[in-house]
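These notes are about the structure you will find just below.
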Amino acid sequence: MKKKVIGIAAGLILLAAAGGYAGVGHYYASHFFPKTAINGLNCAGLTAEQVKEEIQKHIVDYTLGITERGGKTETLSGTEIGLTYVDDHAVEKLLESQNTLAWPAFYWKEKENQVAADSVYDKEMVQEKLQTMEGFQEEQQEAPTDAYLTDDGTSYVIVPETEGEQVDYEKAEQAVIEALDAGAASVDLEEKDVYRKPDITQDDEALNGKMAELNHLTAARITYAIGENSYAIDRATLQSWLVQGEDGTYTISQDEAAAFVRHMAYETDTFGLAHTFKTSLGATINLNAGGDYGWCIDKEETTQALLQAIEDETQGNLDPVYLYTANDRSANDIGNTYVEVCISQQKMWCYKDGVLVTETPVTTGNHATGYDTPAGSVWAVDAKKSDCDFKLYPSHVMFWLPFNGDVGIHDASWRTEYGGDIYLTNGSHGCVNTPYTEAEKVFNAIEIGDPVIVYYSLDDVTGPQPTQKNSL
């Protein structure tokens, strides 16, 4: 009997235990197991509805951090954009997947479950909010600036671009929308490349090419030292000569360079101009323009040489290219080597480096027949010939120095007397007849290009002019 009673009691205990176990299992049919976490939320003992309420609370508390250029951060909260949970019954499905009979095992282990917590937000609310945020006020932000060239006084340099902080609103809005759709905690607008960029940067190939081109074209420093005058071509001058073509490239204006050379020639050329001359007789006379002696710049060749020197970035002095040169670059370009003839005195002087080589009587052109020797200016020796025969006259000379067409200085073996009044009725055909020994001295002292000064008298430098042309 006693064993029977014990058996009944044990059965009742087992039945009660089984009922309790089943009752707990029934509880977990509608509640999540102990130590259950869903999307980081503690859902132990919660019903599906209670879990969804917690998920909604979590979504409402959602905040998107927006990091702007310069490190400033602004936030966008779930409540500001109408963020709400979309129930897709995933929580219920997760609850249904619980094995209610296995509930004791969850007291000793923790289970994390992930549920797709879909949500929706109001895009218009997002746009309205972004439009009030400081980092999205495009018109109030500093715009980017392009890199550009500037002159710092010594060279052309590139001023770097600036990035500014002006957003491309459409790109920025898209970046925020993508972050919201992904449920991201933050978005970095710099990384999303939403800021407006300068069109030209300091590394721009065309900009650097233009800088190099301009610095090259303005690098030369050239000085023409002409007598007491100095003509400098510095950086400012070259800058004023820059010309930009239709293709954007720069060149030096040939017209400006030519104008510079013309001005230089105008101020320094002496060829064929009037001269002041101190005579061997002691007086200073003014010789007329019209001769062919003096300095004359070859303007075309000098311009081309100047342009090449600029291209070569020449530093220092440069000489003009001359068509004609004289003996001296001072105000008196006649210098110290020359021949002087005074017709009224029928005398000729020759100087070499300031030293008198000869002072000799001569016979000039026959006044009676109109073959007067041209006078009143300065001429250059055109040629230097020895042992010479004239074509039209049966005359042979040993020393021939023409200086004015067919008029020149030469020995005259047919004459025995010189000077005095011979020239008035028995003069030459315009040449300066000179005693042999003195003609030789002059011939040895004078070179082609040296000046010959011919004047009639101290009071009248021109005197009678020829009416007949000398022709040899």
Side-chain angles (χ1 to χ4, degrees), residues 271-273 275 277 287-294 296 323-327 334 337-350 358 360-415 417-419 422-436 438-456 461-472:
F271 183 84
L273 301 182
H275 286 75
F277 176 70
L287 299 166
N288 299 322
D292 65 357
Y293 175 81
C296 181
L323 283 170
Y324 303 103
T325 61
N327 285 352
I334 291 172
T337 296
Y338 58 88
V339 176
E340 174 187 351
V341 178
C342 178
I343 293 176
S344 65
Q345 295 285 325
Q346 287 293 284
K347 276 191 175 182
M348 181 171 71
W349 296 263
C350 177
T358 183
T360 179
V362 293
T363 298
T364 59
N366 192 329
H367 175 66
T369 58
Y371 282 102
D372 295 275
T373 299
S377 295
V378 185
W379 291 270
V381 172
D382 299 321
K384 185 176 181 179
K385 297 180 180 179
S386 61
D387 200 13
C388 179
D389 290 307
F390 296 146
K391 294 178 181 178
L392 298 181
Y393 307 119
S395 302
H396 178 81
V397 301
M398 292 301 297
F399 309 108
W400 172 232
L401 296 170
F403 62 84
N404 186 353
D406 290 330
V407 174
I409 301 167
H410 61 78
D411 57 296
S413 59
W414 55 91
R415 288 190 185 278
E417 293 184 31
Y418 297 88
I422 297 173
Y423 79 101
L424 292 175
T425 58
N426 189 26
S428 69
H429 288 88
C431 290
V432 181
N433 291 175
T434 308
Y436 183 91
E438 306 312 309
E440 182 178 19
K441 292 177 183 178
V442 175
F443 187 85
N444 291 333
I446 296 300
E447 301 296 336
I448 295 173
D450 285 338
V452 177
I453 300 98
V454 184
Y455 57 93
Y456 183 75
V461 298
T462 304
Q465 290 299 295
T467 58
Q468 299 291 330
K469 182 178 181 181
N470 183 25
S471 178
L472 301 179

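On a predicted model such as this, the values are computed, not experimentally measured, just so you know.
Judged as a side-chain hydrogen bond (donor to acceptor under 3.5 Å, both in side chains), and not counting sequence neighbours, the contacts of Thr337 are Asp353. Residues forming a ring-ring contact (aromatic ring centres under 6.0 Å, His included) with Tyr324 (at least two apart in sequence, or on another chain): Phe271. Taking the side chain to side chain contact (heavy atoms under 4.5 Å, CB included) definition, one finds that Asp372 meets it with His367, Pro464, Pro466, sequence neighbours left out. Glu340 pairs by the salt bridge (charged side-chain N to carboxylate O under 4.0 Å, His left out) definition with nothing, not counting sequence neighbours. Residues satisfying the side chain to side chain contact (heavy atoms under 4.5 Å, CB included) test with Gln468, not counting sequence neighbours, are Tyr371. Judged as a side-chain hydrogen bond (donor to acceptor under 3.5 Å, both in side chains), and not counting sequence neighbours, the contacts of Asp450 are Asn327. Every residue was checked against the side chain to side chain contact (heavy atoms under 4.5 Å, CB included) condition with Ser413, not counting sequence neighbours, and none meets it. Qualifying ring-ring contact (aromatic ring centres under 6.0 Å, His included) partners for Phe403, counting only residues two or more places apart in sequence or in other chains: none. For Glu447, the salt bridge (charged side-chain N to carboxylate O under 4.0 Å, His left out) partners two or more places apart in sequence, or in a different chain, are Lys384. Scanning for ring-ring contact (aromatic ring centres under 6.0 Å, His included) contacts around Phe277 gives Tyr338, with sequence neighbours left out. In terms of the side chain to side chain contact (heavy atoms under 4.5 Å, CB included) criterion, residue partners of Leu323 (sequence neighbours excluded) are, by chain and number, Cys296, Asp298.
Within the 4.5 Å cutoff, the side chain of Lys441 has no heavy atoms near those of the Phe443 side chain. Within the 4.5 Å cutoff, the side chain of Met348 has heavy atoms near those of the Val442 side chain. Between Ser386 and Trp400 there is no side-chain heavy-atom pair separated by less than 4.5 Å. Counting only heavy atoms from C-beta outward, the side chains of His429 and Asn366 never approach each other to under 4.5 Å. Between Arg415 and Thr363, some side-chain heavy-atom pair lies under the 4.5 Å cut-off. Counting only heavy atoms from C-beta outward, the side chains of Gln346 and Tyr423 approach each other to under 4.5 Å. Counting heavy atoms from C-beta outward, Ile334 and His275 have side chains that approach closer than 4.5 Å.
Minimum interatomic distance between Cys431 and Ser428 (heavy atoms only, all atoms of both residues): O-OG, 2.5 Å. The two residues Ala445 and Cys350 make their nearest non-hydrogen contact at CB-SG, 4.0 Å.
Side-chain N or O atoms of Asp411 include one that pairs as donor or acceptor with a backbone N or O of Phe399 at under 3.5 Å. Put simply, the side chain of Thr434 gets close to the backbone of Val432: a donor and an acceptor are under 3.5 Å apart. A distance-only check finds a donor-acceptor pair linking the side chain of Ser344 to the backbone of Tyr456 [under 3.5 Å].
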Which pairs of donor and acceptor atoms, one on a side chain in residues 373-383, lie under 3.5 Å apart (sequence neighbours left out)?
unit_1, atom_1, unit_2, atom_2, d
Thr373, OG1, Gly365, N, 2.8
Thr373, OG1, Gly430, O, 2.8
Ser377, OG, Asn288, O, 2.9

TODO: Decide yes or no on side chain to side chain contact (heavy atoms under 4.5 Å, CB included) for Tyr455 and Leu287, but give the supporting numbers first.
DONE: CA-CA 8 Å; Tyr455 57 93; Leu287 299 166; 4.2 Å; yes
Open item on the list: Please determine whether ring-ring contact (aromatic ring centres under 6.0 Å, His included) holds for the pair His410 and Phe390, giving the CA-CA distance in whole Å, both sets of side-chain angles, and the decisive distance to 0.1 Å.
Closed with: CA-CA 11 Å; His410 61 78; Phe390 296 146; 5.3 Å; yes
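Distance check, rounded to the nearest 0.5 Å: CD of Glu417 to CG of Asn433 gives 13.5 Å. Taken to the nearest 0.5 Å, the CD1 atom of Ile409 stands 7.5 Å off from the CD1 atom of Ile446. The structure places SG of Cys342 at 12.5 Å from CD1 of Ile453, a figure rounded to the nearest 0.5 Å.
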